[in-house]
Amino acid sequence: MMQDKVVIVTGAGGGIGRAIALAMAAEGAKVLVNDIGASVSGEGNDQGPAAAVVSEIAALGGQAFANTDSVADAAGAQRIVDAALARFGRLDAVVNNAGILRDRFFFKMSNDDFDAVIKVHLYGS
């Protein structure tokens, strides 16, 4: 069913997103592995996690490439889509898995933390 489909998987550098990207590739999809490489709490930016998943997919004979743009803003999201279109010429599916955690009650969050969660989880969708 996924053979030769082009799929974007956000938050695919680890955990559930990684598993989804690997499963899609195993079924024959071409995968854009998107992950900014941040910690679970949203800090940092590292190309390594997305690149590692791409290497895993390639080792299994699949096609994938890494992207580290953020889903948290419209420009970043557009770059993700544009990258998939430029690389594979089409886009068939998006699995919006990206997420961050601010492990505290919302009323104890700073405005910046609250905005970060909303941008990734709501704007990202």
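Taken from CG in Leu91 to CG in Asp82, the straight-line distance is 10.5 Å, to the nearest 0.5 Å. To the nearest 0.5 Å, the span separating OG1 on Thr10 from CG on Asn97 amounts to 5.5 Å. Note that OG of Ser70 and CG of Asn45 are 8.5 Å apart. Values are rounded to the nearest 0.5 Å. Rounding to the nearest 0.5 Å gives a distance of 14.0 Å between CG of Asp113 and NZ of Lys108. Taking CG of Asp4 as the reference point, atom NZ of Lys30 lies at 5.0 Å (rounded to 0.5 Å). Between atom NZ of residue Lys119 and atom CG of residue Asp112 there is a gap of 8.5 Å, rounded to the nearest 0.5 Å.
Between Val54 and Ala64, the closest heavy-atom pair is CG1-O, 3.5 Å. Ala72 and Val120 get closest at one heavy-atom pair: CB-CG2, 4.0 Å. Shortest non-hydrogen contact noted between Ala50 and Ala66 is CB-CB, 3.8 Å.
Connection of Val71 to Phe65 is established within a shared hydrophobic cluster, with ILVMFWY side chains joined at heavy-atom distances below 4.5 Å, either directly or through further cluster members. If you chain together hydrophobic residues whose side chains sit under 4.5 Å apart, Ile80 and Val31 never meet in one group.
A donor-acceptor pair is defined here as one N or O able to donate and one able to accept, closer than 3.5 Å; no such pair exists between the side chain of Asn34 and the backbone of Ala12.
Residue-environment remark: CD1 (Ile16) stays at or below the threshold of 12 foreign heavy atoms within 6.0 Å.
The shortest distance between side-chain heavy atoms of Val117 and Ile100 falls below 4.5 Å. Taking the side chain as every heavy atom from C-beta outward, Glu27 and Lys5 never approach each other to under 4.5 Å. Side chains of Leu32 and Val6 form no contact here, defined as non-hydrogen atoms less than 4.5 Å apart. Using a 4.5 Å heavy-atom threshold, the side chains of Val33 and Asn67 count as separate. Between Met2 and Val7, the closest side-chain pair of non-hydrogen atoms falls below 4.5 Å. Using a 4.5 Å heavy-atom cutoff, the side chains of Ile36 and Gln47 are not in contact. Arg18 has its side chain within reach of Glu56: a pair of non-hydrogen atoms, C-beta onward, lies under 4.5 Å apart.
Side-chain contact, Ser125 with Asn96: a donor N or O sits under 3.5 Å from an acceptor N or O.
With respect to Arg79, the side chain to side chain donor-acceptor pair (under 3.5 Å) criterion is satisfied by exactly one of Asp73, Asp69, Thr68: Asp69.
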message = What verdict does the side chain to side chain contact (heavy atoms under 4.5 Å, CB included) test give for Ile8 and Val95, after you've listed the backbone C-alpha separation in whole Å, the side-chain angles of each residue and the deciding distance to 0.1 Å?
response = CA-CA 6 Å; Ile8 293 170; Val95 179; over 6 Å; no
